[in-house]
Colleague: 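Please find one structure pasted underneath; my questions will follow.
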Amino acid sequence: MTVISDRQRAPIYEGTRIPQPIPTMLRVSQELRETGDVMTVNFGPNHPSTHGVLRLVVDLNGENVVGLYAVIGYLHTGFEKNMEAKSWWKAITYAPRIDYLSFQNNELVFVLAAEKLLAMEVPEKAQWMRTCLCELNRIHSHLVWLATAALELGAISMFWYCFRERETVLDLFELVAGFRMHTRYFQVGGLAEDIPRGFFPEAQKFVDWFPHALDDYEAMLGRNRIWLERTEGIGLLSADDAIALGQSGPVLRASGVDWDLRKVEPYLAYGAVDFDVPVYPQGDVYARFRVHMDEMLQSNRIVAQCLDRLEAMEGEPWTSDDRKVVLPPREELHTSMESLIYHFKIVTEGYRVPEGEVYVAVESPRGELACYVASDGGPRPWRVKFRAPSFAALEATATCMSDALIADMIAIVGSLDTVMGEVDR
Amino acid sequence: MTYEGVPALVETVEAHGETTLVVDPARVVEAAMHLRDVEGFNFLSDITAADYLGWGKHGVSGYIGTAAGRDLNTPMTQGYQSLPKPKPKRFAVNYHLLSVSARPRRVRLQVWLDDGEPVPTVLPVWPGADWHEREAFDLMGITFSGHPNLKRILLDDDWEGHPLRKDYPIGGEPVRFSEAE
């Protein structure tokens, strides 16, 4: 199950490095400040390497980072408030826009939460297709991470290679849902449409090609002397500190914790597919790079298994037949009065979701993505809250940077793989 | 699995396959310490505050128009068959805990608060609570006593009001430069 690298090291560091008393803030001591050697630099909010709009206020002593805190909120758009004012049916369109790189996973977690309250059965074909698309989405998200993280450290060619494959993945999404991003292909009860003809050969082509593309990336970056110099041994985070700070996903696995929700709490079809969880014990930026690289290969394996299963499910239902919640098939509207009424009620008023509160978590490309929803039994969610893995990842910035140089800052912040849209929501 | 040893436990609710532990807000740190050290919940996944103003009243679902705000969304709750169960107080703060261990499990720690009633910070228990508590303070106006840096996090420092409260209207924020000045 676990892949351990040959690059063994001593423990990352002794004890804890989480700053006190504020865990997310490095503070300059009064004596150092009085020497007059501390310069405060404002990094961002508009900077190409901040993956959005992140502002870091950095205190420098020479090239050493001695103080740091992050300022966020520039992309706050009130997704959660807006979703409270929309019917459950319409609120699904908001969820993918929170994280514009892992849109399918965001959509999934909201849909799963509504289905849990409704206690709905979802057909097997929908489960497998959701798994397939979520894994393609993970590849897409990791490709953008790899492209931009390498670009920021000067490896420009990585950007062109990664975006070549990213385009192919987006073409697959467009083939399935009609949109390249924010597909709204998942809905409560299953999928919005059946899998289109032509998806399987195209997807199979991608699955066959992608391992070769990964070899390309590996050849360019894996043993590249500059890349190793810039990433090895920096941005250290121990396993205990990572758990204490609520880190998840690739950051946690790069700190040596064998933890993946797809294995420990299997959802969708993850219990029935065969894949490995890459774990690296070094806790540095290079380990995070390795986790991302290995995960892409594992996701490709999962997609291949999903395609095999889905091709055998031709003609099976792709969505639940619960007419109180799921729209009736389009062709029935011309012949059935009852279908027309259900269609009208769902579109105008929305379906009602039973009273209660649930918390559903999935393994998004960035880690533990969770959705809390509370319902009063009405047609709109009472409260929606997203647990954004990027938000938690940024909390670790101060700990990772505690002995960093200013030049390492770009590599470290990049390695945490944050999407600012998701941080600010 | 029972949680009877949790200090200050008021009620245990099992619903939708999830466990909710309602505790006395004044002793939440004690309960949190117990859950971390005895029960093994070493990972704080999330802190969610929820406002239940207007819960279960007629014509209310998700949005309450105020005299000052625009009523963009006429409530559509005429067809209620039954009213939801009443809540003890206006605000709920939910701590979603996870055990990252060989025995993975989740639990929700819940406290109920009135407007302006503080709850002690759980920062000494889980350092990752820092920003989650600041977010609940910023958007919902929950005061976490003892937090060393309880400032707004997503909104501007001079923002007025807490937007996720139910009495904060959607569309009530005036758009700058909308009229000739």
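To find a chain, count down the sequence lines: A is the first, B the second, and so on, and within it residues start at 1.
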Colleague: What closest approach, in Å, do B:Ser45 and A:Tyr359 show between heavy atoms, and which atom pair accounts for it?
Modeller: OG-OH, 2.6 Å

Colleague: Restricting to non-hydrogen atoms, name the atom on B:Pro127 and the atom on A:Pro23 that form the minimum distance, rounded to 0.1 Å.
Modeller: O-CG, 3.4 Å

Colleague: Please look at B:Arg106 and chain A and tell me whether the side chain, the backbone, both or neither of the residue comes under 4.5 angstrom of a heavy atom of that chain.
Modeller: side chain

Colleague: Go through the atoms of B:Ser101 and report whether side chain, backbone, both or neither lie under 4.5 Å from a heavy atom of chain A.
Modeller: backbone

Colleague: Can you measure from CD (B:Glu135) to CZ (A:Arg425) and round to the nearest 0.5 angstrom?
Modeller: 4.0 Å

Colleague: Does NZ belonging to A:Lys345 count more than 12 external heavy atoms closer than 6.0 Å?
Modeller: no

Colleague: Less than 4.5 Å to any heavy atom of chain A: does that hold for the side chain of B:Ala49, its backbone, both, or neither?
Modeller: backbone

Colleague: Heavy-atom pairs under 4.5 Å with chain A: which of B:Pro104, B:Gly17, B:Ala129 has the most?
Modeller: B:Pro104

Colleague: Tell me, please, which residues at least two apart from B:Arg108 pass side chain to side chain donor-acceptor pair (under 3.5 Å).
Modeller: B:Glu18, B:Thr20, B:His96

Colleague: Where does A:Val257 contact chain B at under 4.5 Å (heavy atoms): side chain, backbone, both or neither?
Modeller: side chain

Colleague: Write down the atom of A:Trp259, the atom of B:Ser99, and the distance for their closest heavy-atom approach.
Modeller: CH2-O, 3.4 Å

Colleague: Would you indicate whether the side-chain heavy atoms of B:Val100 and A:Glu368 approach each other to under 4.5 Å?
Modeller: no

Colleague: So how far is it from A:Ile22 CD1 to B:Arg134 CZ, rounded to the nearest 0.5 Å?
Modeller: 8.0 Å

Colleague: Please determine whether side-chain contact (heavy atoms from CB on, under 4.5 Å) holds for the pair A:Tyr69 and B:Asn149, giving the CA-CA distance in whole Å, both sets of side-chain angles, and the decisive distance to 0.1 Å.
Modeller: CA-CA 12 Å; A:Tyr69 67 92; B:Asn149 189 30; over 6 Å; no

Colleague: Checking A:Glu357 against chain B: side chain, backbone, both or neither under 4.5 Å from a heavy atom?
Modeller: both

Colleague: Please report the closest heavy-atom contact between A:Ala374 and B:Tyr52, naming both atoms and the distance.
Modeller: CB-OH, 3.9 Å

Colleague: Just give me the residue among A:Ile243, A:Leu245, A:Asn82 that pairs up with chain B most often, heavy atom to heavy atom, under 4.5 Å.
Modeller: A:Ile243

Colleague: Evaluate the criterion side-chain contact (heavy atoms from CB on, under 4.5 Å) for residue pair A:Glu84 and B:Asp51; output intermediate values, then yes/no.
Modeller: CA-CA 12 Å; A:Glu84 286 173 15; B:Asp51 181 4; over 6 Å; no

Colleague: Which bit of B:His132 comes within less than 4.5 Å of chain A, counting heavy atoms only: side chain, backbone, both or neither?
Modeller: both

Colleague: Could you state the interatomic distance from CG (B:Asp156) to OH (A:Tyr74), rounded to the nearest 0.5 Å?
Modeller: 8.5 Å

Colleague: Of the listed residues (B:Leu123, B:Asp138, B:Leu44), which shares the most heavy-atom pairs with chain A below a 4.5 Å separation?
Modeller: B:Leu123

Colleague: Going from OG1 on B:Thr48 to CZ on A:Arg383, what distance comes out if it is rounded to the nearest 0.5 angstrom?
Modeller: 6.0 Å

Colleague: What part of A:Leu118 gets within 4.5 angstrom of chain B, counting heavy atoms only: side chain, backbone, both, or neither?
Modeller: neither

Colleague: Given heavy-atom pairs under 4.5 angstrom as the criterion, report whether the side chain, backbone, both or neither of A:Ile18 touches chain B.
Modeller: side chain

Colleague: Between A:Met83 and chain B, with a heavy-atom cut-off of 4.5 Å, which part of the residue counts as in contact: side chain, backbone, both or neither?
Modeller: neither

Colleague: Looking at chain A, which one of B:Val13, B:Asn94, B:Ile47, B:Leu155 has the largest number of heavy-atom pairs inside 4.5 Å, strictly under?
Modeller: B:Asn94

Colleague: In Å, rounded to the nearest 0.5 Å, how long is the span from OG1 of A:Thr24 to CD1 of B:Ile153?
Modeller: 7.0 Å

Colleague: Of the listed residues (B:Leu139, B:Asn42, B:Val125), which shares the most heavy-atom pairs with chain A below a 4.5 Å separation?
Modeller: B:Asn42

Colleague: Please look at B:Pro163 and chain A and tell me whether the side chain, the backbone, both or neither of the residue comes under 4.5 angstrom of a heavy atom of that chain.
Modeller: backbone

Colleague: Under 4.5 Å heavy-atom distance to chain B, tell me which part of A:Leu117 shows up: side chain, backbone, both or neither.
Modeller: both

Colleague: Please check this pair: side chain of A:Glu395 against backbone of B:Trp131, looking for a donor-acceptor N/O pair closer than 3.5 Å.
Modeller: yes

Colleague: For B:Tyr168, is there any backbone N or O sitting under 3.5 Å from a side-chain donor or acceptor partner on A:Lys81?
Modeller: yes

Colleague: Please lay out, stage by stage, how A:Lys385 and B:Leu164 fare under the test side-chain contact (heavy atoms from CB on, under 4.5 Å).
Modeller: CA-CA 10 Å; A:Lys385 165 80 199 269; B:Leu164 282 181; over 6 Å; no

Colleague: So which heavy atom on B:Trp55 is nearest to which on A:Asp376, and how close?
Modeller: CZ3-CB, 3.2 Å

